[in-house]
Enquirer: 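Here it is, the structure in full.
Residues: numbered from 1 along the sequence shown. Atoms within a ligand are numbered from 1 in the order they appear, just like the ligands themselves.
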Amino acid sequence: MTGSSADRSFMTHLQCSACGCIADHRVLQTVCPSCGKTLLARYDLSLASKVLTRDPSGNAPHTMWRHRKLLPLIDDTNKVSLGEGCTPVFPLHRLGRSLDLKELHIKDESANPTGSFKARGLSMAVSRAKELGVTEVCVPTAGNAGSALAAYGAAAGMRVHVYVPADTPALQIDECRTYGADVHLVAGTISDAARAMNEERTGQEWFDVSTLKEPYRLEGKKTLGYEIAEQFDWDLPEVIVYPTGGGTGLIGMWKSFEEMGQLGWIGVQRPKMVCVQSTGCAPLVRAFENGSGSSEFWENASTLASGLRVPRAFADALILGVLRESGGTAVAVDDENIVSAIRAVASTEGILLSPEGAATVAALPLLKTAGIVQQNTRVLILNTATGLKYPEVLRMAAANTRIDWKQTVAYIDNGHHSFKQS
Ligand SMILES: *Cc1c(COP(=O)(O)O)cnc(C)c1O
Ligand SMILES: [Zn+2]
């Protein structure tokens, strides 16, 4: 069944990000059938450029579905939406002043359903899975992808299996259970959770929505880029600072810029894309610094920023490609600075960052030193979840003795960053 022409998708096929081979989007797909890498959704953008305008019409929904025709869903009746996306961008004047940055902006994803930007990807992936007949889904997760899948799966009437490290913030595990998911606690990291899941799902008809192992979470995440372009009046920021785990948001934004370029909606200027990780788990930073095209497994990964505890990203080559193509970089910050940054931003701007979002703030002095960011650079940082999802970290931020934000910024600025590489 296809939607009416008014709401049709311009998707035409899937294409492998590595070998370029084509796959059929009308059937359920996972990774590239010939090389096993990530499949990307492709659209007829030359036709779309004749039909669509970049400013959505007045009756476009105030969710990520406002660019519905550039999303992969065929029939609107399969849409599983809880109001994700269309999050605010605003300037951080007080923090910017203390860091001597005149154009510091934040896109705050904390108002998404389930409190994190994982909602975008899972709304899209669950909608497409529903459209293609899936009734049971599974995911290994550091927490937020699990609660988002649990919520959208519940809304779609699917059975959801979540495999999560046992030391994930307890609240995120309770969320998954409350949404009715079957939750498995696994010792170790998301990599161990993935291994446990793959052992237990053999012989089961569970559809795996692991990061970049199916094509559609990426399509949900790319809506970040469409929104950013619209919010910056189609003149993209010069630097985007992104807390990177599996890299879906970073790759998704870059894909959206490419699409909008082909649509004629934006010019040739692209942001420098910056990957921020934790010194306790920085496989992409190490690979970037080594000039490598792929990353190595990070042993004993450990950080309070649980969303960044990904010892090896499946799509590492795509992430590193975006960093290099954009002229960006990769930097690591330590947990102590993350907690200080939560405190600093909460007390200067009234925003309760997630530890992942706070990592982007802690990275700013490093980026100034590296010359990527200067006083007048238009910078956008992403807060990927609400701080309320991390009560344990919040307690540390509340007890932080460096209560004076000026001192905090000075502390971060004073080179209190360790670059331990393993
Ligand atoms: C998953 C997650 C990230 C990392 O996102 P990727 O797209 O996997 O790189 C960052 N922040 C939060 C809060 C997350 O849940
Ligand atoms: Zn391939």
Side-chain angles (χ1 to χ4, degrees), residues 14-23 29-40 87 107-110 112 114-122 125 139-149 164 168-169 171-172 175 190 209-213 215 217-225 240-255 273-278 281 283-284 295 303-320 322-323 330 338 342 352-360 381-390 393:
L14 299 169
Q15 184 176 31
C16 178
S17 58
C19 74
C21 86
I22 306 293
Q29 299 277 6
T30 56
V31 291
C32 171
S34 45
C35 80
K37 298 293 189 191
T38 302
L39 288 173
L40 304 174
T87 57
K107 186 162 177 67
D108 187 5
E109 288 285 290
S110 53
N112 274 300
T114 72
S116 89
F117 78 147
K118 291 293 194 299
R120 295 178 188 266
L122 275 312
V139 79
T141 172
N144 287 326
S147 68
L149 179 64
V164 60
T168 298
L171 180 142
Q172 297 179 25
E175 269 187 276
I190 189 171
V209 296
S210 292
T211 301
L212 296 160
K213 292 188 180 173
R217 275 176 68 182
L218 182 66
E219 294 304 291
K221 283 276 184 80
K222 91 178 177 190
T223 60
L224 277 172
I240 296 182
V241 191
Y242 181 81
T244 314
T248 332
L250 187 109
I251 300 165
M253 283 188 275
W254 196 249
K255 183 174 190 281
M273 304 298 285
V274 175
C275 154
V276 180
Q277 298 200 296
S278 158
C281 181
L284 295 163
S295 63
T303 171
L304 292 173
S306 35
L308 307 185
R309 195 167 58 143
V310 179
R312 185 167 181 208
F314 176 69
D316 53 358
L318 287 179
I319 299 166
L320 291 162
V322 170
L323 300 181
I338 287 174
I342 292 174
L352 201 61
L353 299 179
S354 62
E356 297 84 357
T360 67
I381 63 172
L382 273 106
N383 180 37
T384 43
T386 168
L388 294 175
K389 296 199 75 172
Y390 307 77
V393 180

Enquirer: Could you walk me through whether Glu109 and Asn383 satisfy the side chain to side chain contact (heavy atoms under 4.5 Å, CB included) test, starting with their C-alpha distance in whole Å, then the side-chain angles of each, then the deciding distance to 0.1 Å, before giving a yes or no?
Expert: CA-CA 6 Å; Glu109 288 285 290; Asn383 180 37; 5.8 Å; no
Enquirer: Partners of Glu219 by salt bridge (charged side-chain N to carboxylate O under 4.0 Å, His left out), sequence neighbours excluded?
Expert: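 Salt bridge (charged side-chain N to carboxylate O under 4.0 Å, His left out) check on Glu219 returns Lys222, Lys255.
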Enquirer: Any idea which protein heavy atom is nearest atom 9 (O) of ligand 1, and the distance to it?
Expert: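 Going by distance alone, atom 9 (O) of ligand 1 is nearest to Gly247 N, 2.6 Å.
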Enquirer: For residues Thr384 and Ser354, report the shortest heavy-atom separation together with the two atoms involved.
Expert: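 Residues Thr384 and Ser354, closest heavy atoms: OG1-OG, 3.8 Å.
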Enquirer: Distance under 4.0 Å to a non-hydrogen atom of Ala385: what atoms of ligand 1 satisfy this?
Expert: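 Near Ala385, meaning under 4.0 Å from one of its heavy atoms, ligand 1 has 13 (C).
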Enquirer: Where the Zn ion (ligand 2) is the centre, what is the SG-to-SG angle for Cys19 and Cys35, rounded to 10°?
Expert: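 The SG/SG angle about the Zn ion (ligand 2) sits at 120°.
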Enquirer: If we ignore angles and hydrogens, is there a donor and acceptor under 3.5 Å between the side chains of Thr141 and Lys118?
Expert: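 No, because no side-chain N or O of Thr141 sits under 3.5 Å from a partner of the opposite role on Lys118.
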Enquirer: Using heavy atoms and a 4.0 Å limit, tell me yes or no: is Gly249 in contact with ligand 1?
Expert: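 Distance cut 4.0 Å: Gly249 passes for ligand 1.
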Enquirer: Using a 4.0 Å cut-off to any heavy atom of Pro243, which atoms of ligand 1 qualify?
Expert: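 By the 4.0 Å cutoff, the relevant atoms are 4 (C), 10 (C).
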Enquirer: Side chain, backbone, both or neither: which applies to Asn144 and ligand 1 if a contact is any heavy-atom pair less than 4.0 Å apart?
Expert: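 It is the side chain that gets close, since no backbone atom is under 4.0 Å.
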Enquirer: Any idea which protein heavy atom is nearest atom 8 (O) of ligand 1, and the distance to it?
Expert: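 It is Gly246 N, 2.8 Å.
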Enquirer: Could you tell me whether ligand 1 has any atom less than 4.0 Å away from a heavy atom of Glu109?
Expert: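 Contact absent.
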Enquirer: Consider every N or O of Gly245 and every N or O of ligand 1, then say whether any pair is closer than 3.5 Å.
Expert: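 Right, the criterion is met.
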Enquirer: Starting at OG1 of Thr360, measure out to CD1 of Ile240 and round the result to the nearest 0.5 Å.
Expert: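 Rounded to the nearest 0.5 Å, the OG1-CD1 separation comes to 12.0 Å.
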Enquirer: For atom 11 (N) of ligand 1, find the nearest protein heavy atom and state the residue, atom name and distance (0.1 Å precision).
Expert: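 Going by distance alone, atom 11 (N) of ligand 1 is nearest to Thr384 OG1, 2.7 Å.
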Enquirer: Can you measure from CG (Leu250) to CG (Leu284) and round to the nearest 0.5 angstrom?
Expert: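 The CG atom of Leu250 sits 9.0 Å away from the CG atom of Leu284.
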Enquirer: Using heavy atoms and a 4.0 Å limit, tell me yes or no: is Thr244 in contact with ligand 1?
Expert: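 Right, Thr244 reaches ligand 1.
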Enquirer: Measure across Val209 and Leu122 and return the closest heavy-atom pair with its distance rounded to 0.1 Å.
Expert: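 Closest approach of Val209 to Leu122: CG2-CD1, 4.1 Å.
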Enquirer: Among all protein heavy atoms in this structure, tell me which lies nearest to atom 14 (C) of ligand 1, with the distance rounded to 0.1 Å.
Expert: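 Among all protein heavy atoms, the one nearest atom 14 (C) of ligand 1 is Lys118 NZ, 2.9 Å.
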Enquirer: Between Arg120 and Thr223, do the side chains contain an N or O donor and an N or O acceptor separated by less than 3.5 Å?
Expert: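 There is such a pair (donor and acceptor under 3.5 Å, judged by atom type) between the side chains of Arg120 and Thr223.
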Enquirer: Is the Zn ion (ligand 2) less than 2.8 Å from an N/O/S atom of Cys21, whether that atom is in the backbone or a side chain?
Expert: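 Given the 2.8 Å cut-off, Cys21 does not count as a ligand of the Zn ion (ligand 2).
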Enquirer: Specify the protein heavy atom at minimum distance from atom 7 (O) of ligand 1: its residue, its atom name, and the distance to 0.1 Å.
Expert: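 Atom 7 (O) of ligand 1 sits closest to the protein heavy atom Tyr242 OH, 2.7 Å.
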Enquirer: Using side chain to side chain contact (heavy atoms under 4.5 Å, CB included), reason through Thr87 and Asp108 one step at a time and then give a plain yes or no.
Expert: CA-CA 6 Å; Thr87 57; Asp108 187 5; 5.9 Å; no
Enquirer: Which atom names give the shortest non-hydrogen contact between Ile319 and Gly247, and what distance separates them?
Expert: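 For Ile319 and Gly247, the tightest heavy-atom pair comes out as CD1-CA, 3.6 Å.
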Enquirer: Ligand 1 and Thr248, any nitrogen or oxygen pair closer than 3.5 angstrom?
Expert: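 Yes: some nitrogen or oxygen of Thr248 is under 3.5 Å from one in ligand 1.
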Enquirer: Strictly under 4.0 Å, does any heavy atom of Phe314 approach an atom of ligand 1?
Expert: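 It does not, in that no heavy atom of Phe314 comes within the 4.0 Å cut-off of ligand 1.
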Enquirer: Go through the steps for Arg309 and Ile190 under the test side chain to side chain contact (heavy atoms under 4.5 Å, CB included), then give the verdict.
Expert: CA-CA 7 Å; Arg309 195 167 58 143; Ile190 189 171; over 6 Å; no
Enquirer: Decide whether an N or O pair under 3.5 Å exists between Lys221 and ligand 1.
Expert: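 Yes.
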Enquirer: Mark up the atoms of ligand 1 that fall under 4.0 Å of a heavy atom belonging to Tyr390, in ascending order.
Expert: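 It comes down to these atoms of ligand 1: 13 (C).
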